[in-house]
Amino acid sequence: TKIAPDMSRIIYVRNLPFKITDDELYDIFGKYGAVRQIRKGNTDKTRGSAFVVYEDVLDARAAVDQLSGFNVAGRYLIVLYYNPQKAAQRQQMLAQKEELERIRQSYQKKSGA
Ligand code: ADE
């Protein structure tokens, strides 16, 4: 089977219900093969997303192909391959936002606004 260059054993999932449990995640993603690890977003910015690491890249592909648009508690899952560039971009954007917020608060204190 041909393996596309963007394929990974890790998938990035968005639009999960905030209250989904680890057991439910393993039920959903374990259908496509052995899951090594699931990391659920647990901050305000990352809640509703998760990284799922499969043992086998072909299982990750099956999950991307078959779970994209899957309905969980009325929400439609977005399932992508893990993309390190996008992960880094996202991290950078969040860090910039935090830095801006720090500057804003420091300015407010100094100006008494
Ligand atoms: N952030 C946004 N898209 C991403 C992806 N495909 N993989 C990892 N982090 C992401």
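Bear in mind the structure is a predicted one, so any value in this text is a computation, not a measurement. Atoms within a ligand are numbered from 1 in the order they appear, just like the ligands themselves.
Among residues two or more places apart in sequence or in another chain, the salt bridge (Lys or Arg N to Asp or Glu O under 4.0 Å) test is passed with D44 by R47.
Residue contact check: Y82 has heavy atoms under 4.0 Å from atoms 7 (N), 8 (C) of ligand 1. Residue Y81 has at least one heavy-atom neighbour below 4.0 Å for each of these atoms of ligand 1: 5 (C), 6 (N), 7 (N). Atoms of ligand 1 found under 4.0 Å from any heavy atom of R90, numbered from 1 in the order shown, are 1 (N), 2 (C).
Taken to the nearest 0.5 Å, the CG atom of L67 stands 6.5 Å off from the CG atom of L77. In this structure, the separation between CD1 on I11 and CZ on R61 is 13.5 Å, given to the nearest 0.5 Å.
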Run the side-chain donor-acceptor check on residues 79-92: report pairs under 3.5 Å with partners two or more places apart or on a different chain.
from, atom 1, to, atom 2, distance (Å)
N83, OD1, Q85, N, 3.0
N83, OD1, K86, N, 3.1

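Only side-chain heavy atoms of Y12 come within less than 4.0 Å of ligand 1; its backbone N, CA, C and O stay farther off. In F51, the part holding a heavy atom less than 4.0 Å from any atom of ligand 1 is the side chain.
Minimum interatomic distance between L94 and K45 (heavy atoms only, all atoms of both residues): CD2-CD, 3.8 Å.
Of the protein's non-hydrogen atoms, N83 N, 2.9 Å is the one closest to atom 7 (N) of ligand 1.
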